[in-house]
There are 2 protein chains.
Amino acid sequence: MDRIDRKLLNLMQRDASRTNVDMADEVGLSPSSCLRRLQRLRKSGVIDKIVAILNPARAGRVIKAVVTVELKLHGEQHMRRFLDTASAEEAVSHAYAVTGETDVVLMLRLRDMEEFDLLCDRLFRDQTNVARFFTMIVIRTAKEETAIPL
Amino acid sequence: MDRIDRKLLNLMQRDASRTNVDMADEVGLSPSSCLRRLQRLRKSGVIDKIVAILNPARAGRVIKAVVTVELKLHGEQHMRRFLDTASAEEAVSHAYAVTGETDVVLMLRLRDMEEFDLLCDRLFRDQTNVARFFTMIVIRTAKEETAIPL
DNA sequence: GCTGCATTTGCAATAATATTGCACAATATC
DNA sequence: GATATTGTGCAATATTATTGCAAATGCAGC
């Protein structure tokens, strides 16, 4: 993992649709050598996957929200059950067990508030293991970065 | 945007490293027709970008945290200044202005707690516009999804 | 510094893939 | 139901990825 590997990873994190020839030129290597580095980075698991990032609004998910959740029962199995249930929801993009104020943090991508209402019924209300939850609707997205700085 | 487009977007959201020939076969189109759809989806902006997703741990960012921030001054220019400052930080992967309990939610990817300490100095302490902040360290990641369900 | 070993590199040949023009089919519009 | 618009598949071509191999590079032990 040297300077050239880091360069390649940065290029790939920004735009993985570029050709190998192109990137080889930019990092100052021959195409074959560059390709072998990229293959190594993939097989070793540093590069987890290569994916298309959609524009959420153009995909019909216009509302984003962060929800903090406090559970009633805090046992390991209860925590796991709640995380599994939440993770199974399409609208839930991120689900974390956390320290501090609350037990769980969820990030949501919603089509509309009706979807949120129905989601609350399934995850938070009545018969669920949720004591309290706090919803923070996203007003402005200042940063949303998949790339990890090296 | 028909059934085939949605199929293609789902494939691309899961794995954009597959060849056009491969995906054409899976959705039941000829390679040329499939390629033209993909090009259209890119130019129209539904596909925002194609990127490599790294394994955060293998990239040296082993700690994740969610931080909620309450500002002292809530004016538009103060909010913007704080969001810009936070967004400029490498460790900040997401920065949102939100409704509800607090004003801002940040998501962090950290190398160690020393980096967190230094980040707090720059963003939250003393001369900053921050009244209070609550840190939630991620214990378990149950879901972390870039794909948007269609 | 030298030697031997392992790794990386660049070149050239080959295989695979993307890309384009074009005629035809499907679909929508009036 | 006629016409315009869009989407499709085929075939030819251009790009690109991939592989074998010899040379170069880096590295440990001496």
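Labels below follow one simple rule: chain letters A, B, ... track the order of the sequence lines, proteins then strands, and each chain is numbered from 1.
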Using a strict threshold of under 4.0 Å (side-chain N to carboxylate O), is an ion pair present between B/K72 and B/D103? no
Out of D/dT19, D/dG7, C/dA18, which nucleotide sits closest to the side chain of B/T19? C/dA18
Over how many whole Å does the gap from A/L38 atom CG to D/dT19 atom P extend? 14 Å
Electrostatic pair B/R109-B/E90, nearest N-O below 4.0 angstrom: no
Close side-chain approach of A/T68 to A/M136, heavy-atom, < 4.5 Å: yes
Take atom CG of A/N20 and atom P of C/dA16, then tell me their distance rounded to the nearest Å. 18 Å
Length of the line joining B/R40:CZ and D/dG7:C1', which is rounded to integer Å: 9 Å
Whole-Å distance, A/D5 CG to C/dT7 C1', equals 13 Å
Round to the nearest Å and state the distance from A/D2 atom CG to C/dT8 atom P. 9 Å
Just the rounded figure in Å: distance from P of C/dT8 to CD1 of A/I4. 11 Å
Between B/D117 and B/R122, does at least one N-O distance fall below 4.0 Å, as a salt bridge requires? no
Side-chain N or O of A/Q39 versus OP1/OP2 of D/dA17: is the shortest distance under 4.0 Å? no
Rounded distance (Å) that lies between atom C1' of D/dT15 and atom CE of A/M23: 15 Å
By salt bridge (charged side-chain N to carboxylate O under 4.0 Å, His left out), which residues pair with B/R14, not counting sequence neighbours? none
Which atom pairs link the protein and nucleotides 9-12 of chain D when you take only N or O atoms and keep those under 3.5 Å?
{"residue": "D/dG9", "atom": "OP2", "partner": "B/S30", "partner atom": "N", "Å": "2.8"}
{"residue": "D/dG9", "atom": "OP2", "partner": "B/S30", "partner atom": "OG", "Å": "3.0"}
{"residue": "D/dG9", "atom": "N7", "partner": "B/S32", "partner atom": "OG", "Å": "3.1"}
{"residue": "D/dG9", "atom": "O6", "partner": "B/R36", "partner atom": "NH2", "Å": "2.8"}
{"residue": "D/dC10", "atom": "N4", "partner": "B/S32", "partner atom": "OG", "Å": "3.0"}

So ring-ring contact (aromatic ring centres under 6.0 Å, His included) across residues 101-143 of chain B, not counting sequence neighbours, yields B/F124-B/F133
What is the distance from CG of B/D25 to P of C/dA16, rounded to the nearest Å? 16 Å
